[in-house]
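Inspection log for the structure reproduced underneath, given as structure tokens.
Note that these values count all heavy atoms, side chains included, but never hydrogens, waters or copies made by symmetry. Sequence lines set the chain letters: A, B, ... in the order given, protein chains first and strands last, and positions in each chain run from 1. This structure is a prediction, so every number in the text was calculated from the model and none was measured.
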Amino acid sequence: MQIQKPRGTYDLLPGEIELWQAFEKNVRRHFHVAHYTEIRTPIFEHTELFVRGVGETTDIVEKEMYNFVDRGNRSLTLRPEGTAGVVRAYVENKRYGKVDLDKLYYLGPMFRYERPQGGRTRQFYQYGCEVLGSNAPELDAEVVQLSYRILADFGLQHLQVELNSVGCSVCRPLHRDEMLALVLPRQEEFCSDCQRRMEKNPLRMFDCKHENCQRLLTELQVPSIAERLCAECAEHFATVQEHLTAMSVPYQLNGKLVRGLDYYTRTAWEVTTEGSSTLAGGGRYNGLIKELGGPDIPGIGFAGGMERVIQLAVEQQVYVPVSDSIDVYVAVADASASLPATELVAALRAEGIATERDFNGKSLKSQLKTADRLHAQWVLLLGEQEVAKGVVGMKSLASGEQMDVPADKVVATIINSLKKERASQ
RNA sequence: GUGAGCGUGGCGAAGUGGUUAACGCACCGGAUUGUGGUUCCGGCAUUCGUGGGUUCGAUUCCCAUCGCUCACCCCA
């Protein structure tokens, strides 16, 4: 049996990688323009970081982490998300003493042990940002609009931003108590998942898919967290919306939106597309930096799933120019021309001209066929005759015309004709 | 973790309890001497994910295993 890739992983092959590269470029451009700089943190961290940062009761920590013990007997974990590592780096490098507002973005693989499914793999790629050092609602608006803009500008259609506020350490516990008081007496009537949610994270009950559970929540008049925000949270949330509107971000309020990670406070949002899974999600996390041993500094961030973006881009036929073509194909008609061909290829490439040649001693006919398939503009033909005469046969694949060019002038001739070609396009 | 479906050459895709496993695309070679995209001719799975069982005989039946897909859980 041949060795196969581990479950939940995949190879990105020529032909598909181009779309990824185009999107990554798009991501970098947006972050750059908004004055964010890239940060790269380790792909594995001490297990403890994620347990503390992501939350002990989250699914990620309870059952999805790739943990391993290294030779020094340390418990390490392949990062399941990006925020914890970035915040750790921020604290460890004492960034708070160097800049008052740290705007960071990242791009890279994450790992979660899950059953693979459409848009969900065990090694997956996220792009995202973290902004540390401000509690301003204007910043929330900036980050939300970025998360939306990156996707919209890539050409994705039917995007929507779902927005909510999950409150703070003041209003959330009060809401939780109120909610449990209403729900617990009827505990038995909820589905088994919701009964578990009551203990772990009652907010989650709002996005249960069972109709019965939803009916019960309505019947019991359980308020959403958005309806129970404290004065400061409510004001903050209102300002966020004001600024989103100013930037023409098409958001809609969703009082039932809950994010999975424990650290979120106040603003929480997702960018989705009709009926499909979440493309990007984020939120504010005002307690996290302190939780991870840093000063009491607020932060906010989001992450997007590359696989999902690419999947949607393919579905929506987002056009990405793929240049799998070359400028010149050097055909070697005779073994005696091999050395001059090597020199010619090197000279062309030195000028930045994309050049390919034959290595397998194929017939001239099949070399031409290959050149055609590679969409070469020109074929430069070298054989016994050409070498003897000190020329190179220069053939246009478009017109079929061919002429001899002195060997010492070919490169210049090619440069000129490619220039003309490009200027006329 | 729970539930369901699937697994034939590089890709797509027929097929049957029984000597040589269709076809299409792709690929390779050729159609007189060194020349492409069309056409024509030829080549391309001792093998039907893997292991075992039933059988005179299995790619077709059964079991296991691996892998894939989908839904749930949850999430990006």
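Taking atom C1' in both B:rA26 and B:rA64, one finds a spacing of 36 Å when rounded to whole Å. Atom name P, nucleotides B:rG10 and B:rC28: the rounded distance is 16 Å, in whole Å. Between B:rC44 and B:rG30, the two C1' atoms lie 15 Å apart (nearest whole Å).
Residue A:Gly118 is classed as a sugar-phosphate contact, given heavy-atom separations below 4.0 Å to backbone atoms only. Counting non-hydrogen atoms under 4.0 angstrom, A:Ala371 reaches nothing in the nucleic acid. No engagement by A:Gln311 is indicated, since no non-hydrogen atom pair under 4.0 Å with the nucleic acid exists. Nucleic acid contact for A:Gln385: base, since at least one base atom lies under 4.0 Å from a heavy atom of the residue. Note on A:Glu81: nothing from the nucleic acid sits closer than 4.0 angstrom, heavy atoms only.
Closest to the side chain of A:Leu381, from the set B:rU35, B:rA76, B:rU69, is B:rU35. Of the candidates B:rA76, B:rC28, B:rG37, B:rC28 carries the atom nearest the A:Lys362 side chain, counting heavy atoms from C-beta on. Considering only side-chain atoms of A:Gln4, the nucleotide from B:rC70, B:rC75, B:rG67 that sits closest is B:rG67. When each of B:rA71, B:rC75, B:rG36 is scored by its nearest atom to the side-chain atoms of A:Arg204, the top-ranked nucleotide is B:rC75. Closest approach to the A:Asp372 side chain among B:rC73, B:rA76, B:rG36 is made by B:rG36 (side chain taken as heavy atoms from C-beta onward). In this structure, the nucleotide among B:rC74, B:rG67, B:rG36 sitting nearest to the side chain of A:Lys365 is B:rG36. Closest contact between the side chain of A:Gln117 and the listed nucleotides B:rU35, B:rA71, B:rC75 involves B:rA71. The nucleotide whose nearest atom lies closest to any side-chain atom of A:Asp59 is, among B:rC27, B:rG36, B:rC73, B:rC73.
A:Trp269 and A:Ser147 form a side-chain donor-acceptor contact under 3.5 Å, judged by distance and modelled atom types alone. A side-chain N or O of A:Tyr125 and one of A:Gln123 form a donor-acceptor pair less than 3.5 Å apart.
Close placement of the A:Phe23 and A:Tyr127 rings is indicated, their centers lying within 6.0 Å of each other. Here the two rings, on A:Tyr36 and A:Tyr105, have centers that are 6.0 Å apart or farther.
A:Arg373 has a side-chain polar atom (N or O) that falls below the 4.0 Å cut-off from OP1 or OP2 of B:rC27. Residue A:Arg259 has a polar side-chain atom (N or O) positioned under 4.0 Å from OP1 or OP2 of B:rA76. Within the 4.0 Å cut-off from OP1 or OP2 of B:rC68, at least one side-chain nitrogen or oxygen of A:Arg7 is found.
Rounded to whole angstrom, the span from the OH atom of A:Tyr10 across to the C1' atom of B:rG67 amounts to 18 Å.
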